[in-house]
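Accompanying notes for the structure given below.
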Amino acid sequence: MKPVALALVRPLSISSNPSHSQSHPLFYQPKTLPQTQSPAFRVLCYSLQSKPVKLEDTTSKPEYKPGILDDLFLNLFRNKLVQEVGWDSEKPGYDGLIEVANRLMMKGRTNSDTREATVRILVSLFPPFLLDLYRILIAPIGGGKVAAMMVARVTALTCQWLMGTCTVNSVDLPDGTSCRSGVFVERCKYLEESKCVGICTNTCKLPTQTFFKDYMGVPLLMEPNFSDYSCQFKFGVLSPLPEDDIALKEPCLEICPNATRRREVARAMDVPQCPKA
């Protein structure tokens with residue numbers, strides 16, 4: 001009983017040294033369009049008209065610290081992106097990648113052009129015949145569940161440099177079963193840095209769904225959350241038709257640089273307002 005008595009009267013020690021998170025700029029600020037810009041400013045964000053999305057305040061942000069392999073993946077992806085766009089940013093690292101992604105949006109005449117260009121970039125990242133072999137030999141195994149679980153794990157291991165912290169989780173499949181073929185992105189860095197729903201849907205969500213289904217034989221549904229920047233990958237689940245996809249009906253973010261520029265042009269000219277502004 002003595003140890004118990006001592007434990008009861010022993011004062012508790014409380015640490016009073018709170019940790020301080022280092023602040024740093026999160027967003028790439030695009031260059032202001034010159035005043036000589038043509039009135040025919042192409043709308044990059046498209047959806048049904050509604051109010052802009054307001055971001056939820058978050059007290060903590062998951063942070064992924066990139067390693068050597070992450071830098072290699074970033075440089076490889078950026079080089080392929082530059083080859084498709086025909087232009088590179090002077091900024092290094094991730095900031096430069098976001099600038100090139102913005103230029104990709106500008107280059108395409110339509111959002112379909114942008115999505116097709118992004119699919120070509122994704123295909124170019126893989127060795128010849130590897131995608132065909134995966135689609136033919138691996139995708140049919142176990143009704144597609146094996147292939148879905150494999151790509152989920154590879155995605156979580158190799159794409160955190162692009163999206164940030166993510167984990168494999170279980171998702172419900174159309175046949176009523178569940179499978180660990182999901183990837184949950186806690187706070188997507190690509191969306192957070194680009195600040196644009198149009199860039200998210202046209203250079204990530206839609207082309208990535210197309211790439212996995214058409215080139216690897218694995219259906220994919222991506223469900224981005226534009227309020228907290230999270231995203232749920234569901235490998236093995238077919239994506240809905242565009243007219244039924246709720247993600248394509250979201251307005252753009254209040255801080256979207258493309259919507260902001262559109263509003264600036266609209267103040268001086270009689271042009272339709274951006275549907276996501």
Side-chain angles (χ1 to χ4, degrees), residues 28 30-34 36-53 77-89 97-125 162 188 190-191 193-215 219-224 226 231 238-266 268-277:
Y28 149 66
K31 300 178 181 178
T32 304
L33 290 178
T36 57
Q37 177 73 26
S38 168
F41 186 91
R42 186 169 68 86
V43 178
L44 303 181
C45 305
Y46 71 99
S47 74
L48 299 179
Q49 185 173 359
S50 63
K51 297 180 180 179
V53 173
F77 183 77
R78 178 169 174 170
N79 289 336
K80 296 296 184 179
L81 186 58
V82 168
Q83 291 176 18
E84 178 68 36
V85 175
W87 176 87
D88 196 4
S89 169
L97 175 70
I98 295 298
E99 279 199 344
V100 182
N102 271 283
R103 183 63 65 95
L104 177 64
M105 286 289 296
M106 290 288 192
K107 181 183 178 182
R109 294 183 178 180
T110 64
N111 289 316
S112 295
D113 290 342
T114 302
R115 295 193 291 269
E116 292 172 2
T118 305
V119 171
R120 289 194 296 269
I121 293 170
L122 295 175
V123 172
S124 69
L125 294 172
L162 177 65
C188 181
Y190 189 70
L191 173 59
E193 296 288 344
S194 66
K195 301 176 289 185
C196 180
V197 171
I199 289 181
C200 170
T201 56
N202 294 310
T203 70
C204 185
K205 171 182 161 62
L206 294 177
T208 302
Q209 291 177 170
T210 298
F211 167 76
F212 277 103
K213 179 177 180 293
D214 294 349
Y215 290 89
L220 169 63
L221 171 61
M222 294 173 63
E223 297 177 332
F226 298 114
C231 185
L238 280 170
S239 57
L241 295 174
E243 55 267 26
D244 298 326
D245 195 332
I246 59 175
L248 304 184
K249 300 176 183 180
E250 290 286 341
C252 205
L253 306 178
E254 288 186 324
I255 55 177
C256 171
N258 297 316
T260 299
R261 288 199 294 265
R262 183 66 178 178
R263 285 193 292 267
E264 290 173 353
V265 173
M269 304 175 186
D270 185 16
V271 294
Q273 186 179 5
C274 173
K276 287 183 177 289

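Sequential numbering from 1 along the given sequence is applied to the chain's residues. All values below were derived from every heavy atom in this structure, side-chain atoms included, with hydrogens, water molecules and symmetry-related copies excluded.
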Atom of Cys252, atom of Gly198 and distance for their closest heavy-atom approach: SG-N, 4.5 Å
Within the side chain of Asp245, is there an N or O that forms a donor-acceptor pair under 3.5 Å with the backbone of Leu241? no
Has the side chain of Lys107 got a donor or acceptor atom that lies under 3.5 Å from a matching backbone atom of Asn102? no
Partner set under side chain to side chain donor-acceptor pair (under 3.5 Å) for Tyr215, not counting sequence neighbours: none
State, to 0.1 Å, how close Ser194 and Ile98 come at their nearest heavy-atom pair, and which atoms those are. CA-CG2, 4.1 Å
Rounded at 0.5 Å granularity, tell me how far CZ in Arg109 sits from OG1 in Thr114. 12.5 Å
Examine distances only and state if a side-chain atom of Gln209 and a backbone atom of Met222 form a donor-acceptor pair shorter than 3.5 Å. yes
Enter the distance from Ile199:CD1 to Cys204:SG here, rounded to the nearest 0.5 Å. 11.0 Å
Who pairs with Asn79 by side chain to side chain contact (heavy atoms under 4.5 Å, CB included), at least two apart in sequence or on another chain? none
Listed partners of Ser124 passing side chain to side chain donor-acceptor pair (under 3.5 Å), at least two apart: none
Can you tell me how far OG1 of Thr118 sits from CG of Leu104, rounded to the nearest 0.5 angstrom? 4.5 Å
Going by atom types alone, do Arg115 and Ser112 pair a side-chain donor with an acceptor below 3.5 Å? yes
Within a strict 4.5 Å, meaning less than it, do heavy atoms of the Lys205 and Thr210 side chains meet? no
Holding to side chain to side chain donor-acceptor pair (under 3.5 Å), I want the full list of residues that pass it with Thr203, two or more places apart in sequence or in another chain. Tyr190
Residues passing the ring-ring contact (aromatic ring centres under 6.0 Å, His included) test with Phe77, sequence neighbours excluded, are Trp161
With Ser89 via side chain to side chain donor-acceptor pair (under 3.5 Å) - residues at least two apart: Glu99
Does Asp244 use its side chain to pair, donor to acceptor, with the backbone of Pro240 at less than 3.5 Å? no
Residues in side chain to side chain contact (heavy atoms under 4.5 Å, CB included) contact with Cys200, at least two apart in sequence or another chain: Leu191, Pro224, Phe226
Where is the tightest heavy-atom contact between Leu81 and Ile121, given as atom of each residue plus distance? CD1-CD1, 3.3 Å
About how many Å separate CG of Leu206 and OG1 of Thr201, when rounded to the nearest 0.5 Å? 5.5 Å
Hits for side chain to side chain contact (heavy atoms under 4.5 Å, CB included) against Lys213, two or more places apart or cross-chain, chain-then-number order -> Leu238
Listed partners of Asp88 passing side chain to side chain contact (heavy atoms under 4.5 Å, CB included), at least two apart: Arg78, Val82, Val100
